Amino acid sequence: QVQLVESGGGLVQPGGSLRLSCAVSGITLDYYTIGWFRQAPGKEREGVSCISSAEGLKYYVDSVKGRFTISRDTAKNTVYLQMNGLKVEDTGIYYCAADGPLIADVTTFDPSRYDYWGQGTQVTVSS
């Protein structure tokens with residue numbers, strides 16, 4: 001059974017930092033692209049960052065470039081999203097998702113490609 005479990009969300013002031021974790025079980029990161037998505041109240045879900053399967057290629061939405069960093073620990077089968085310089089507009093529920101199995105590196109924010117999703121973790125940026 002495939003499971004993705006997010007953790008690390010919380011309340012933080014503007015300019016602060018959080019590190020989200022996505023613990024993956026039932027699949028191996030070597031064959032799956034893992035994406036981070038977020039959904040703010042009243043808005044559509046948007047892709048934030050993703051990391052590809054074989055080469056670990058990283059991709060970011062323009063609004064978080066230079067502030068967020070995605071990484072993975074294949075030994076722990078966990079993907080991280082380090083978020084620095086948080087802004088009020090970063091508020092939302094953050095989900096991780098898995099696309100695969102893949103035989104080539106894919107970086108995409110197309111949610112229809114992702115077969116498995118976590119339950120989400122709330123990130124609130126407020127003073």
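Computed from a predicted structure; not experimentally measured. When a residue number appears, it is its place in the shown sequence, counting from 1. When reading the values below, keep in mind they use all heavy atoms of this one structure, side chains included, and skip hydrogens, waters and symmetry mates.
For the ring-ring contact (aromatic ring centres under 6.0 Å, His included) condition, the pairs that include at least one residue of residues 104-127, sequence neighbours left out, are Phe37-Tyr114, Phe37-Trp117, Tyr59-Phe109. Among pairs with a residue in residues 68-80, none fulfils side-chain hydrogen bond (donor to acceptor under 3.5 Å, both in side chains), at least two apart in sequence or across chains. Applying the disulfide bond (SG atoms under 2.5 Å apart) rule to pairs touching residues 33-65 yields nothing, sequence neighbours excluded. Within the structure, the disulfide bond (SG atoms under 2.5 Å apart) test picks out the following pairs touching residues 61-105 (sequence neighbours left out): Cys22-Cys96. Pairs passing the side-chain hydrogen bond (donor to acceptor under 3.5 Å, both in side chains) check and including a residue from residues 81-107, sequence neighbours excluded, read Ser17-Asn84, Arg38-Asp90, Arg38-Tyr94, Ser52-Asp105, Arg67-Asp90, Gln82-Asn84, Asp99-Arg113. Residue pairs satisfying the disulfide bond (SG atoms under 2.5 Å apart) criterion with at least one member in residues 97-127, sequence neighbours excluded, are absent.
For Gln119 (side chain) and Val5 (main-chain N/O), no donor-acceptor pair under 3.5 Å exists by modelled atom type.
When the salt bridge (charged side-chain N to carboxylate O under 4.0 Å, His left out) test is applied to Asp62, the partners found at least two apart in sequence or on another chain are Lys65. In this structure, Thr108 has no side chain to side chain donor-acceptor pair (under 3.5 Å) partners at least two apart in sequence or on a different chain. Partners of Ser126 under the side chain to side chain donor-acceptor pair (under 3.5 Å) rule, at least two apart in sequence or in another chain, do not exist in this structure. The side chain to side chain donor-acceptor pair (under 3.5 Å) search around Gln122 returns Thr124, not counting sequence neighbours.
Remark: Gln39 CD to Ile93 CD1 distance equals 7.0 Å, nearest 0.5 Å. Rounding to the nearest 0.5 Å places NZ of Lys58 at 5.0 Å from CD1 of Ile51.
Both Trp36 and Val2 belong to a common hydrophobic cluster when Ile, Leu, Val, Met, Phe, Trp and Tyr are linked at side-chain heavy-atom distances under 4.5 angstrom. In this structure, Tyr31 is a member of the same hydrophobic cluster as Ile27, with clusters built from ILVMFWY side-chain heavy atoms closer than 4.5 Å.
By the 4.5 Å heavy-atom criterion applied to side chains, Phe68 and Ser49 are not counted as neighbours. The shortest distance between side-chain heavy atoms of Val48 and Tyr60 does not fall below 4.5 Å.
What you find for Ser127 and Pro14 is that their closest heavy atoms are N-CD, 3.7 Å.
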Requested in this report: Check the pair Leu11, Val125 against side-chain contact (heavy atoms from CB on, under 4.5 Å), reporting the backbone distance first and the verdict last.
Outcome: CA-CA 6 Å; Leu11 172 64; Val125 185; over 6 Å; no

Query raised in the report: After noting the C-alpha distance and the side-chain angles of Leu20 and Met83, does the key distance pass the side-chain contact (heavy atoms from CB on, under 4.5 Å) rule?
Result: CA-CA 8 Å; Leu20 305 183; Met83 307 187 295; 3.7 Å; yes

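Clustering of Ile, Leu, Val, Met, Phe, Trp and Tyr by side-chain heavy atoms under 4.5 Å joins Leu57 with none of the others. Under a 4.5 Å side-chain heavy-atom cut-off, the cluster of Ile, Leu, Val, Met, Phe, Trp and Tyr residues that includes Val106 is completed by Leu102.
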